[in-house]
Amino acid sequence: MSDKKTLFLLDAYALIYRAYYAFIRAPRINSKKLNTSAIYGFTNSLLEVLQKENPTHLAVAFDPAGPTFRHEMYEPYKAQREATPEDIKLAVPYIKQLLDALNIPVLEVMGYEADDVVGTVALMAEKAGFEVYMMTPDKDYAQLVSDHVKMYKPRSKGGGMDILGIPEVQEKFGIEEPDQVIDILALQGDAADNIPGCPGIGEKGAKDIISKYKSIKGIYEKIDEFKGKRKENLINFKEQIELSYTLATISRKVPIEFNEEDLKVCEPDKDKLFPLLEELEFKSMMPRFGAPAPTPAAAPAMQGDLFGQPQVTETPGITSTFKTINDVDHTYYLVDNEQAYASLAAELSVQKEYCFDTETTGLDAISAELVGISFSWKEHESYYVPIPEGKDKAQEIINRFKLVLEDKKILKIGQNLKYDILVLKKYDINVKGQIFDTMVAHHLALPGLKSSMDFMAETYLGYSPVKIEELIGKKGKNQLSFRQVEIEKAKEYAAEDADITLQLKKFLEPKLKESGLEDLFYQTEMPLLLVLAEMEATGVKLDVDELNAFAIKLKERIVTLEKDILEIAGKEFNIASPKQVGEILFEHLKIDAKAKKTKSGQYSTNEETLNKLKGKHEIVDKILDYRGLKKLLSTYVEALPALVNPQTGRIHTTYNQAMVVTGRLSSTNPNLQNIPIRDEDGREIRKAFITSDAEHVFLSADYSQVELRLMAHLSQDEHLLRAFNNGEDIHAATAAKIYKVPLEEVSADMRRKAKTANFGIIYGISAFGLAERLNISRSEAKELIDGYFENFPQVKEYMDKSIEIARDKGYVQTVFGRKRNLPDINSRNGVVRGMAERNAINAPIQGTAADIIKMAMVTIQKELDEQQLKSKMILQVHDELNFDVDKNELDQIKEIVKKGMENACELSVPLSVDMGIGSNWHEAH
DNA sequence: TAATTCACG
DNA sequence: ACGTACGTGAATTAC
């Protein structure tokens, strides 16, 4: 390549969008509140190319503002595309300035898109003897590929680039000539560009057809070989397909001059460049142009950010300038003989703390088998102990480490330790002593960011660990078990994980301290982790027979409804498809002229919309019923029995402690926090959640109105405080205030409206939202809200204060210090800002409630353990705890639970807990 | 894979 | 003019 002329042509907007969205979860914002995600990401990719590919020539093509020749021939072209985000619009001038400073030419031709310009220039360059690379993630460019013109395409996920020459394009699209890509696009269409294509033909269909018939022309020569709907569509939409062909064709006749000299890569203009990088606060980028490094001691990602939260320095798929295992001196030992076991165990036993990580055969801790375990207590030094297959042999080896794992004096560090603890539990190892989970620590200290180890390693350590996919392959086809991984590779991977996790602990520990989160972490979250492990291991028993019987009843009703609906409609259609339901309702039956549409232009057919249509047509009720029953059947009645663990006969959910931004837990596999209760049919499912045997009862305990009580506490609103302290019916009391009537005269409707308003208050009320929910006019809703604030003025003050705090600090906090970052609080976009403002109101409330129940759980479990009770805590549903109670212990447990929950903390209002018992969850409620 | 819908607190 | 109450997870359809 060195003696050849190589030209790189970059599709600016495609790369800018990509960069912008790559950072969307943790945008880069400089101290002037400019979102620099797009600028940073784009510049990084550009530098990467310059460095790695060392091109002799390079240019960047931009789409000009205003219409192009495609709009002239087809008005809807790109019409429904969402407006360019404001942040990108602001970024573009900076990018152009940067390019100017780098002496890189910008290509922009009125009336033509960037791809046309690239196509034209590529063709001319090829003739002039260049090797041309078109850098873009847009697959449409594949049509331009030729002998010396290739695509340089960032991979969709993960790092790296794909270079697509003729053979790759032939393979990827199943065609012989690159220009057949246009034929494929003409059939397939492109939703993003509003290119219609042919109805009923998607990516797969288009590829199949073109690989067989070669071109659009070829199709119509043999049109009789097609059958049915497809033939019909091909004929009916012939014109549309031909138009699509024209739209999808990249023009190579753009009026532009090709001047080789102008495109030559040359030295940047440092006088322009450095001040610009300074302004953008891209300090880490300056050394790449020969400027002195900023502060080498600082973690690479921690500079110049609005809220002291880290940002991603590098973006998956755009660059990969992280250090890896090959760049760092390390010593990873394989521990696989008696002497080595003994000396490792001995060394561990004298440590104050160490990090460990288990490797297993799967992701489900309850059924996975141990394959290995790694330990580290010193940076870059780590030990891997393979565990042999077979229960007895495995037990024999892991037993050598039982003592150190159960040693109360040693702090155990790990990433997602709940998993490791659950796995070890099956080998009769009960991890004891203080623990430090890096995932949970990160979620507390730097909330709102991904807490995966890979993300943290890259962000805080500038280091990219070996990916598990590299060892066992991507999930799906032929994924290996970790046991099948070659031992040397397994060692490198596992030992590295323990090593990295230890380093992350050292990074996170001071962060917790600085944020004043140590108490919450050590006194609540870490003990809770052990409680959750216990709950998950215990599981909950499911009455599968009960569910199967229910399934039969549901299916009968569904079949009947289905028959009725199709008959009423007088046409076959899939009732489960919102799209088809919309078409039947609004086009076929025309039951409402002004149908609502969703973002993507479909008819909206959600419950809210349908409910409003109820009186208009008998089919609506039936569709709603059908939907409800189908949902019940597929999401719960049929799904739950499949998740019963064959070894334990129980359901073991996984609680995620580092997922929810407000501090709540979430539950997956299955989600046991959304089991139906509101409707009669759905409630039936709770009957299948039963006690372990007839000697146990189901105890359910839930906080009454915690969030409203917290609003009372946080706002110190005198009326709210008084109502709770007097044990009043809070919704009725609210109604009495708002409607200015005595408590006795509050009607059911007034109470209902007040109740909805109370919920609204917690969520950061809006007149629109309240109006929607109460089905009243917006002005009426506004009066209601005004009335509320008039009567509870301190609530209004609290709400304003919360927003003020968020604006000031960039985050809000719970009573116990848990933070939520709100980077959008100063957004110029009112919708986005409004959302952040409501978050500012809601997060302290929801988050404090989460903190409280977590503290209660820790206390209750401690009591259960200390008194050696047999009853078990089995479920948490945000404000509710459920127990499988030994009948002999019932009184004791009730006392422990009630006290544990009500005395979890001291507030200006009492916490109140309702309890119920029964033989299943339904009865206990 | 995204969009839609709907289950819970 | 636009798009709206807070926080989740799962199943499904259709691209």
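By convention in this document, chain letters (A, B, ...) are assigned in the order of the sequence lines, proteins followed by strands, and residues within each chain are numbered from 1.
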Does A/R678 get its side chain close enough to the base of B/dA7, under 3.5 Å, for a donor-acceptor pair? no
Report yes if at least one side-chain N or O of A/T662 is closer than 4.0 Å to OP1 or OP2 of C/dT8; otherwise report no. no
Hey, does A/I675 reach any base, or is it just sugar-phosphate, or nothing, if we go heavy atoms under 4.0 Å? sugar-phosphate
With P as the reference atom in both, quote the distance from B/dA3 to C/dT4 in angstrom, rounded to an integer. 14 Å
Using a strict 4.0 Å threshold on nitrogen-to-oxygen distance, state whether A/R683 and A/D679 make a salt bridge. no
Let me know the distance between CG of A/D879 and C1' of C/dT8, rounded to the nearest Å. 14 Å
Is the A/F689 ring parallel, tilted or perpendicular to the A/W921 ring (thresholds 30°, 60°)? perpendicular
Whole-angstrom distance between C/dG3 and B/dT4, as gauged at atom P: 13 Å
Need one value for A/I677: base, sugar-phosphate or nothing, where a base atom within 4.0 Å counts as base even if backbone is also close, heavy atoms only. sugar-phosphate
Could you tell me whether A/E684 and A/K687 make a salt bridge, using a distance below 4.0 angstrom between a side-chain N and a carboxylate O? yes
Side chain of A/F768 only, heavy atoms from C-beta on: which candidate in C/dG7, B/dG9, C/dT4 is closest? C/dT4
Nearest-nucleotide pick for A/Y763, side chain only, options being C/dA11, C/dT13, C/dC6: C/dC6
Integer angstrom distance from the C1' of B/dT5 to that of C/dC2: 24 Å
Of the listed C/dT4, C/dC6, B/dT5, the closest approach to the A/R778 side chain comes from C/dT4
For A/Q580, report the nucleic acid contact type (base, sugar-phosphate, nothing); a contact means any heavy atom under 4.0 Å. sugar-phosphate
Sugar-phosphate, base or nothing in reach of A/R664, heavy atoms under 4.0 Å: base
Length of the CD1-C1' vector between A/I776 and C/dA5, whole Å: 13 Å
How long is the line joining CD of A/E583 and P of C/dA14, in whole Å? 9 Å
Smallest separation among heavy atoms of A/L784 and A/A757, with atom names: CD2-CB, 4.5 Å
Could you give the CG-to-P distance, from A/N656 to B/dG9, as a whole number of Å? 20 Å
Listed range with range, the stems formed with DNA chain C by at least 3 consecutive Watson-Crick or G-U pairs (under 3.5 Å) are B:1-9 with C:6-14
Looking for any heavy atom pair under 4.0 Å, which part of the strands does A/G764 touch: base, sugar-phosphate only, or nothing? nothing
Nearest to side-chain heavy atoms of A/L770, which nucleotide of C/dC6, C/dA5, B/dG9: C/dA5
Roughly, in whole Å, what's the span from CZ in A/R683 to P in B/dG9? 10 Å
Just checking A/A639: base, sugar-phosphate only, or nothing, at a heavy-atom cut-off of under 4.0 Å? sugar-phosphate
At 4.0 Å (heavy atoms only), tell me whether A/D702 reaches a base, stays on the sugar-phosphate, or touches nothing. nothing
N-O pairing of A/D681 and A/R557 below 4.0 Å: yes
What nucleic acid atoms does A/N671 come within less than 4.0 Å of, heavy atoms only: base, sugar-phosphate, or nothing? sugar-phosphate
Of the candidate nucleotides C/dT8, C/dT13, C/dC6, which contains the atom at the shortest distance from the side chain of A/Q846? C/dC6
Take A/Y20 and A/D87 through the side chain to side chain donor-acceptor pair (under 3.5 Å) test and state the conclusion after the steps. CA-CA 9 Å; A/Y20 175 72; A/D87 288 329; 3.3 Å; yes
Answer yes or no: does a side-chain N or O of A/R838 lie under 4.0 Å from OP1 or OP2 of C/dC6? yes
Any ion pair linking A/R664 and A/E707 (charged N to carboxylate O, less than 4.0 Å)? yes
Which ones in residues 621-634 of chain A lie close to DNA chain B, meaning a heavy atom under 4.0 Å from one of its atoms? A/R627, A/K631
So, for A/I565 and A/F573, which heavy atoms are closest and what is the spacing to 0.1 Å? CG2-CZ, 3.8 Å
With heavy atoms under 4.0 Å as the rule, sort A/T756 into base, sugar-phosphate or nothing. base
Phosphate-side-chain proximity, A/R820 and C/dC6, N/O vs OP1/OP2 below 4.0 Å: no
Please tell me which of the listed nucleotides, C/dC15, C/dC6, C/dT13, lies nearest to the side chain of A/K579? C/dC15
For A/H922 and A/N920, which heavy atoms make the closest approach, and how far apart are they? N-OD1, 2.9 Å
Would you call A/D851 and A/R818 a salt bridge, using N to O less than 4.0 angstrom? yes
Side-chain donor-acceptor pair under 3.5 Å between A/Q846 and A/T662, yes or no? yes
Are the charged groups of A/E562 and A/K555 less than 4.0 angstrom apart, N to O? no
May I ask you to say what A/E607 touches in the nucleic acid, namely base, sugar-phosphate or nothing, with a heavy-atom cut-off under 4.0 Å? sugar-phosphate
Ignoring backbone atoms, establish whether A/N842 has a side-chain N or O less than 4.0 Å from OP1 or OP2 of C/dG7. no
Donor-acceptor side-chain pairing of A/N839 and A/E837 below 3.5 angstrom: no
With a 4.0 Å limit, can you tell me whether A/T635 has a side-chain N or O closer than that to the phosphate oxygens OP1/OP2 of C/dA10? no
Length of the line joining A/I845:CD1 and B/dG9:C1', which is rounded to integer Å: 14 Å
Measure from the side-chain heavy atoms of A/Y636 and tell me the nearest of B/dA7, C/dG7, C/dT13. B/dA7
Spacing between A/K139 atom NZ and C/dC15 atom P, to the nearest angstrom: 15 Å
Counting only side-chain heavy atoms from C-beta out, which of B/dC8, C/dC6, C/dA5 sits nearest to A/S766? C/dA5
Phosphate OP1/OP2 of C/dT8: any A/S667 side-chain N/O under 4.0 Å: no
Could you tell me the separation between the CG atom of A/L665 and the P atom of C/dT8, rounded to a whole number of Å? 12 Å
Quick note, A/N669 side chain, CB onward, closest among C/dA10, C/dG7, C/dA5 is C/dA10
